[in-house]
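Below you'll find the structure, written out as structure tokens, and then a few comments.
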Amino acid sequence: MGEAFGSSLLDLCLFSLVKSLSRYATDVQTLPANLKDKLIKIMSLQGIITDENMSQVLHPGLQKLDLRDCDISDNGLIMLQICTQLREINLSSSDCKLSVTSEGLKVIASSCPHLTEVCLRRCRNISDEGIVALAQQCRLLQIINISGCLGVTDASLQALGKNCKFLHSVDFSATKVSDAGVIGLVNGVCSHKLKEIHMDRCVNLTDDAVESVLIFCPHIFILLFHGCPLITDRSREALQQLVCPNQMKQVTWTVY
């Protein structure tokens with residue numbers, strides 16, 4: 001009872017602190033890491049982490065940072081240089097985020113080598129330059145979402161396939177990748193780890209991309225390729241011929 005009361009009282013204090021963060025900026029910077037983690041979670045849920053206040057709550061031991069729908073730019077990401085233990089970062093947007101570019105992503109890649117999960121959904125100014133840096137310097141990556149990143153092409157997938165042997169989930173839907181990029185990914189060091197691939201709404205993909213996934217990724221169980229106008233009924237037939245019964249948990253496609 002007392003512990004629960006103490007916890008709820010602490011939460012109330014933190015919520016109040018968030019409302020007056022600028023007033024207590026100096027005090028916040030001296031808080032212990034566990035309280036900063038709680039503050040970050042509250043601020044993330046409210047979408048109020050910005051370039052201006054992020055430095056107040058960051059600390060070297062931070063492992064998870066959710067910045068989706070927060071007003072963050074490359075200027076804010078530069079501050080993550082101190083977060084060398086970061087494991088997960090979410091920079092996705094429900095609309096589209098233009099303020100985060102490959103320059104900010106390169107800072108993260110060079111400073112956070114232990115990253116295992118990165119979400120960049122609809123960060124439309126991210127290009128191959130940023131993803132290649134991430135693949136080369138964050139080789140523990142397991143999950144990456146680059147869907148809707150319009151500057152992403154085959155070079156990004158090829159770099160992930162070459163460097164990230166623990167990768168098991170990749171979402172590159174609504175990008176400009178072609179068959180060459182998919183083949184480079186699934187024929188790379190992660191081929192036997194890959195379990196989930198989202199490549200829907202990629203207008204340049206053909207049946208060759210689907211067949212390469214089915215041939216090189218024996219443990220794939222989620223494969224989405226709907227909305228790809230160049231993919232034909234040949235891919236459905238390949239699914240029947242190359243995949244064991246009951247292996248797939250989710251498959252979506254559109255036959256044109």
Side-chain angles (χ1 to χ4, degrees), residues 64-69 87-97 100 102 105 108-109 115-135 138-206 209-210 212-214 216-217 219-231 235 248-254:
K64 185 175 182 179
L65 186 58
D66 188 346
L67 298 172
R68 69 184 119 179
D69 296 324
R87 263 58 171 183
E88 300 177 21
I89 187 166
N90 189 338
L91 289 164
S92 65
S93 173
S94 57
D95 185 13
C96 70
K97 185 172 287 184
V100 171
S102 287
L105 192 57
I108 295 174
L115 278 171
T116 61
E117 184 171 345
V118 176
C119 185
L120 301 166
R121 182 172 177 266
R122 292 181 178 172
C123 290
R124 299 201 171 177
N125 279 335
I126 293 289
S127 66
D128 289 330
E129 187 179 8
I131 304 301
V132 170
L134 200 66
C138 302
R139 300 196 178 203
L140 299 178
L141 271 178
Q142 298 178 25
I143 301 171
I144 187 166
N145 186 331
I146 49 177
S147 62
C149 296
L150 301 182
V152 166
T153 69
D154 294 339
S156 291
L157 297 190
Q158 290 163 349
L160 290 168
K162 181 179 180 181
N163 296 288
C164 302
K165 65 180 181 180
F166 300 107
L167 200 62
H168 64 78
S169 176
V170 189
D171 186 338
F172 50 89
S173 54
T175 61
K176 298 177 181 178
V177 300
S178 73
D179 295 344
V182 177
I183 293 170
L185 172 69
V186 302
N187 197 25
V189 295
C190 56
S191 61
H192 280 67
K193 286 285 186 180
L194 282 169
K195 299 176 181 178
E196 180 174 353
I197 295 178
H198 297 231
M199 55 186 196
D200 48 287
R201 293 168 291 134
C202 291
V203 298
N204 296 322
L205 296 185
T206 75
V210 177
S212 66
V213 173
L214 300 178
F216 293 114
C217 302
H219 303 296
I220 196 78
F221 63 79
I222 294 178
L223 178 59
L224 311 185
F225 55 95
H226 58 273
C228 300
L230 300 181
I231 291 178
S235 290
M248 286 293 189
K249 292 185 177 179
Q250 185 180 4
V251 182
T252 65
W253 71 86
T254 307

CZ/Phe172 to CG/Leu157 distance, rounded to the nearest 0.5 angstrom?
5.0 Å
Can you confirm whether Leu91 sits close enough to Ile126 that some side-chain heavy atom of one is under 4.5 Å from a side-chain heavy atom of the other?
no
Flag, side chain of Asp69 to backbone of Ser94, donor-acceptor distance under 3.5 Å
yes
Looking at OG of Ser212 and CG of Leu205, how far apart are the two atoms once the value is rounded to the nearest 0.5 Å?
9.0 Å
Side chain Thr254, main chain Gly227, donor-acceptor under 3.5 Å:
yes
Spatial distance of atom CG (Leu160) from atom CG (Leu167) [nearest 0.5 Å]:
6.0 Å
Heavy atoms, side chains only, cut-off 4.5 Å: are Val186 and Ile197 in contact?
yes
Decide yes or no for Val189 and Phe166: does some side-chain heavy atom of the first lie under 4.5 Å from some side-chain heavy atom of the second?
no
Counting distance only, does the side-chain N/O of Asp179 pair as donor-acceptor with the main-chain N or O of Thr206 below 3.5 Å?
yes
For Ser93 and Cys96, which heavy atoms make the closest approach, and how far apart are they?
OG-N, 3.3 Å
Quick one: closest heavy-atom pair of Met199 and Val210, and the distance?
CE-CG2, 3.7 Å
Look at the aromatic rings of His219 and His192 and report parallel, tilted or perpendicular, splitting at 30° and 60°.
perpendicular
Assess the residue pair Ser235 and Phe225 against the criterion (side-chain contact (heavy atoms from CB on, under 4.5 Å)); give the C-alpha distance rounded to whole Å, side-chain angles, the decisive distance to 0.1 Å, and a yes or no.
CA-CA 10 Å; Ser235 290; Phe225 55 95; 4.0 Å; yes
Ring of Phe221, cation from Lys195 - is the NZ or CZ under 6.0 Å from the centre and inside 45° of the axis?
no
For residues Val118 and Ile108, determine if any side-chain heavy atom of one lies less than 4.5 Å from a side-chain heavy atom of the other.
no
Could you pull out all residues at least two apart from Arg87 that satisfy salt bridge (Lys or Arg N to Asp or Glu O under 4.0 Å)?
none
Distance-minimising heavy-atom pair for Cys164 and Cys190
O-CB, 3.2 Å
Side-chain contact, heavy-atom cut-off 4.5 Å: Ile131 with Leu120?
yes
Working for side-chain contact (heavy atoms from CB on, under 4.5 Å), residues Leu67 and Val100:
CA-CA 11 Å; Leu67 298 172; Val100 171; over 6 Å; no
Any idea which heavy atoms bring Leu224 and His198 closest together, and the distance?
CD1-ND1, 3.2 Å
Which value, rounded to the nearest 0.5 Å, describes the distance between Lys176 atom NZ and Ser156 atom OG?
12.0 Å
When you measure from the side chain of Ser102 to the backbone N and O of Gly130, does any donor-acceptor pair fall under 3.5 Å?
yes
One should read off an interatomic distance between Asn204 CG and Leu230 CG, to the nearest 0.5 angstrom, of 7.0 Å
For Ile146 and Thr175, the nearest pair of non-hydrogen atoms, with its separation, is O-CG2, 3.5 Å
Measuring from atom CZ of Arg121 to atom CG of Asn90, what distance do you get when rounded to the nearest 0.5 angstrom?
9.5 Å
Answer whether the closest heavy-atom distance between the side chains of Asp128 and Val152 falls below 4.5 Å.
yes
For Lys193 against Lys165, the heavy-atom pair lying closest together:
CG-O, 3.2 Å
When you measure from the side chain of Ser92 to the backbone N and O of Cys119, does any donor-acceptor pair fall under 3.5 Å?
no
Between Asn163 (side chain only) and Ala159 (backbone N and O only), is there a donor and an acceptor less than 3.5 Å apart?
yes
Check step by step if side-chain contact (heavy atoms from CB on, under 4.5 Å) holds for Leu214 and Leu223.
CA-CA 9 Å; Leu214 300 178; Leu223 178 59; 4.0 Å; yes
